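Just follow the structure's listing: the first ligand is 1, and inside any ligand the first atom is 1. The structure displayed is predicted, hence computed values, not measured ones. Along the sequence shown, residues carry numbers from 1.
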Amino acid sequence: FCGGDAWANAPAPKTVRKPAPLPRPKLVFLDPGHGGRDPGALGLRGTQEKSVVMAIARDLQKELLAGGRYRVLLTRSTDSFVALRERVARAQAAKADLFLSLHADSNDNPDVRGASVYTLSEEATDREAAALAARENRADAMISGMKLADKDDSVARTLVAMSQRGTVNDSRRLADTIVQTFNRNGFRLLPRTHRQAGFAVLTAPDVPAALVELGYLSNPQDEKLLTVRQHQLSLARALRASVDAHFAAGAATRKA
Ligand code: ZN
């Protein structure tokens, strides 16, 4: 036993000021669309939407984790079917700070190409957006036999809750940030790119959410690009930059 008493009598060390606690890492929920028996849109060369969006979601997950500022969860991490309501429920249960749904579109006109970004609204801003929401929402109808028009899942009621909590504004800000970042990075976008429609997957009242259609699998150039690793990585980086900008602007607003 050596020196024990000496230690006991030593003056208490000066309190070292604790460093300010690091802000809680934001929880980003990524939602690769479709999966399992639901392949989503199909390309002319057989590309499946569910695989393309999973590859990009995984790239984005790596990008976000690399900075050490986020926690990242996926609504599905395998090629499995997850109902849209279940995706929303998982993000809500985990108290996600942001929900980003990733898709690729398809159109009867093979010339249509480019990305587009959507937020929730009761009324689609145009017929195309309404048709897209109907296509993307079909998965739930398929699995459960439930009609998405069910009044107990009223998008209108969700929108009221969202606007009370500022979620509508945050979602629109997120969508606009993605559009700006895609523009800056030279990605092709549809005209009037931030659109609104009744997507079932965007209905968590507390979680700012946007849905990105990354391109058209019905367009040969877009289909090719969406399967090229370098392009997938570029898209993931642009989305990561968008998430960074979204939270940076949010923090600035709260300080002001
Ligand atoms: Zn889709």
Side-chain angles (χ1 to χ4, degrees), residues 29-61 74-88 90-91 99-110 112-121 124-144 146 148 155 171 174-175 178-179 182 187-190 193-204 209-219 222-227 231-232 235-236 239:
F29 235 88
L30 302 179
D31 175 43
H34 312 277
R37 67 164 97 163
D38 170 22
L42 298 175
L44 298 166
R45 298 187 307 166
T47 308
Q48 297 190 326
E49 176 183 358
K50 67 173 183 178
S51 319
V52 164
V53 295
M54 180 54 100
I56 294 165
R58 289 232 175 271
D59 290 337
L60 177 53
Q61 181 183 29
L74 272 64
T75 52
R76 67 175 178 96
S77 52
T78 58
D79 179 17
S80 55
F81 183 89
V82 181
L84 301 177
R85 286 153 208 260
E86 177 60 24
R87 296 171 193 244
V88 178
R90 285 179 191 178
F99 185 91
L100 200 52
S101 192
L102 301 179
H103 289 260
D105 205 357
S106 156
N107 194 292
D108 289 340
N109 179 353
V112 176
R113 59 179 299 210
S116 47
V117 188
Y118 298 82
T119 49
L120 184 69
S121 82
T125 44
D126 59 39
R127 282 236 305 270
E128 264 173 76
L132 173 64
R135 281 201 298 281
E136 300 291 14
N137 286 344
R138 202 162 45 204
D140 264 19
M142 261 168 45
I143 193 75
S144 61
M146 282 187 290
L148 277 143
V155 169
S171 299
L174 169 66
I178 294 171
V179 170
F182 273 35
F187 291 121
R188 184 184 284 259
L189 289 152
L190 290 187
T193 289
H194 174 189
R195 302 170 182 209
Q196 294 169 18
F199 290 98
V201 82
L202 301 181
T203 52
L211 183 147
V212 186
E213 296 282 348
L214 293 160
Y216 280 86
L217 288 175
S218 46
N219 174 271
D222 268 12
E223 181 184 14
K224 180 147 192 246
L225 278 174
L226 284 167
T227 58
H231 188 76
Q232 292 177 339
L235 284 168
L239 289 168

Problem set entry | Residues in side-chain hydrogen bond (donor to acceptor under 3.5 Å, both in side chains) contact with Gln48, at least two apart in sequence or another chain |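 side-chain hydrogen bond (donor to acceptor under 3.5 Å, both in side chains) list for Gln48, sorted by chain: empty.
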Exercise. Is any side-chain N of the basic residue among Asp105 and Arg135 closer than 4.0 Å to the acidic one's carboxylate O?
Worked result: yes
For this session: Count, excluding waters, the protein N, O or S atoms that are closer to the Zn ion (ligand 1) than 2.8 Å.
Result: 5
Reported [atom1]-to-[atom2] distance for the pair [X] and [Y], which is rounded to 0.5 angstrom:
X	Y	atom1	atom2	result
Leu84	His34	CG	NE2	8.5 Å
Leu217	Leu225	CG	CG	11.0 Å
Glu223	Tyr216	CD	OH	15.0 Å

For this session: Could you label the plane-to-plane angle of the Phe187 and His231 rings as parallel, tilted or perpendicular, counting under 30° as parallel and over 60° as perpendicular?
Result: perpendicular
